[in-house]
Amino acid sequence: MTPLSPAERAEVDALIKSEWPKLERFFRSKVPPSDIHDLAQNTLLGFVKRPDTPLENQRAYLWTIARRQVIDFYRRGRGDATAFDSSVHSVMHAGPTLSSVINRKNQILKGLQSLPVDHQTAIELKYGEGLTDPEGAVVLDVSMATYKRYVSAGLETLRRLSGVVSEEQVGNAYRGG
């Protein structure tokens, strides 16, 4: 790994400062509290240790690593690396549960957790973290059409399960969760 120039180091430091709280929030809805910081740190470590090739979109690359951390976390926990499919499985029964207090925010968060992880991630990145559709597609390593289907299917499920009426509700619940 080639040492970073002062300008590159400043750029990486700025990205880490801006994305750290978002990473914590991202992991909070997917893994037990005791694992949130480890996964966030592993994400940043993976980002810093990236190959020397310059990246067009560093933020999308960082979030790609974060997504892989979640998938790897559940694959390790199940003992069978091929058993967890993030486009099918949710973290509802594999990870943390939300408070039994019923309110609007918790219903939406519970609805998010019931989605397949890729659908959940697509919605959270788009409405909670503000990534663009092209960035989200890169993070999930899918085509733009597949990414948009994940968002659309996830929102439809949230509307059906949680009575979500707007994307803003989802973003607010996720960011405040």
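Side chains are part of it too, since the values below use all heavy atoms of this structure and drop only hydrogens, waters and symmetry mates.
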Suppose we screen for side-chain contact (heavy atoms from CB on, under 4.5 Å). Which residues come up paired with [X], at least two apart in sequence or across chains?
{"X": "P134", "value": "T132, M144"}
{"X": "R9", "value": "L4, D13"}
{"X": "A14", "value": "none"}

Which heavy-atom pair separates [X] from [Y] by the least distance, and what is that distance?
{"X": "I108", "Y": "V170", "answer": "CG2-CA, 4.1 Å"}
{"X": "S162", "Y": "G111", "answer": "OG-CA, 3.7 Å"}
{"X": "Y174", "Y": "G128", "answer": "CD2-CA, 3.4 Å"}
{"X": "A122", "Y": "V151", "answer": "CB-CG2, 3.8 Å"}

[X]: what forms a side chain to side chain donor-acceptor pair (under 3.5 Å) with it, not counting sequence neighbours?
{"X": "R59", "result": "E135"}
{"X": "Q41", "result": "none"}
{"X": "S5", "result": "E8"}
{"X": "S34", "result": "none"}

Hey, could you give me each pair passing ring-ring contact (aromatic ring centres under 6.0 Å, His included) that has a residue in residues 118-162? Not counting sequence neighbours.
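The answer is H119-Y150.
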Within one Ile-Leu-Val-Met-Phe-Trp-Tyr cluster: L15 and F27, side-chain cutoff 4.5 Å
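In one cluster with L15: F27, yes.
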Do the charged groups of R67 and D141 touch, with an N to O distance under 4.0 Å?
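D141 and R67: not salt-bridged.
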Mind checking whether [X] and [Y] have side chains closer than 4.5 Å, heavy atoms only?
{"X": "V138", "Y": "N57", "result": "no"}
{"X": "L44", "Y": "L62", "result": "yes"}
{"X": "R75", "Y": "I71", "result": "yes"}
{"X": "Q120", "Y": "S29", "result": "yes"}

Pairs in or reaching into [range]: which pass salt bridge (charged side-chain N to carboxylate O under 4.0 Å, His left out), with residues at least two apart or in two chains?
{"range": "residues 122-132", "value": "R25-E129, K30-E124, K126-D133"}
{"range": "residues 31-41", "value": "none"}
{"range": "residues 147-158", "value": "none"}

Has the side chain of T121 got a donor or acceptor atom that lies under 3.5 Å from a matching backbone atom of V117?
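Side chain of T121 to backbone of V117: a pair is present.
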E19 (side chain) donor-acceptor with I16 (main chain) under 3.5 angstrom
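Absent.
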[X] [atom1] to [Y] [atom2] distance, which is reported to the nearest 0.5 Å:
{"X": "Y74", "Y": "Q69", "atom1": "OH", "atom2": "CD", "value": "13.0 Å"}
{"X": "L23", "Y": "I65", "atom1": "CG", "atom2": "CD1", "value": "9.5 Å"}
{"X": "T43", "Y": "F26", "atom1": "OG1", "atom2": "CZ", "value": "8.0 Å"}
{"X": "S166", "Y": "N172", "atom1": "OG", "atom2": "CG", "value": "7.5 Å"}
{"X": "S114", "Y": "L161", "atom1": "OG", "atom2": "CG", "value": "5.0 Å"}
{"X": "L140", "Y": "W63", "atom1": "CG", "atom2": "CH2", "value": "11.5 Å"}

Please verify the inter-ring angle class for Y61 with F47; under 30° counts as parallel, over 60° as perpendicular, anything in between as tilted.
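Tilted.
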With sequence neighbours left out, what residues match R159 under salt bridge (Lys or Arg N to Asp or Glu O under 4.0 Å)?
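Counting only residues at least two positions away or on another chain, R159 forms a salt bridge (Lys or Arg N to Asp or Glu O under 4.0 Å) with E167.
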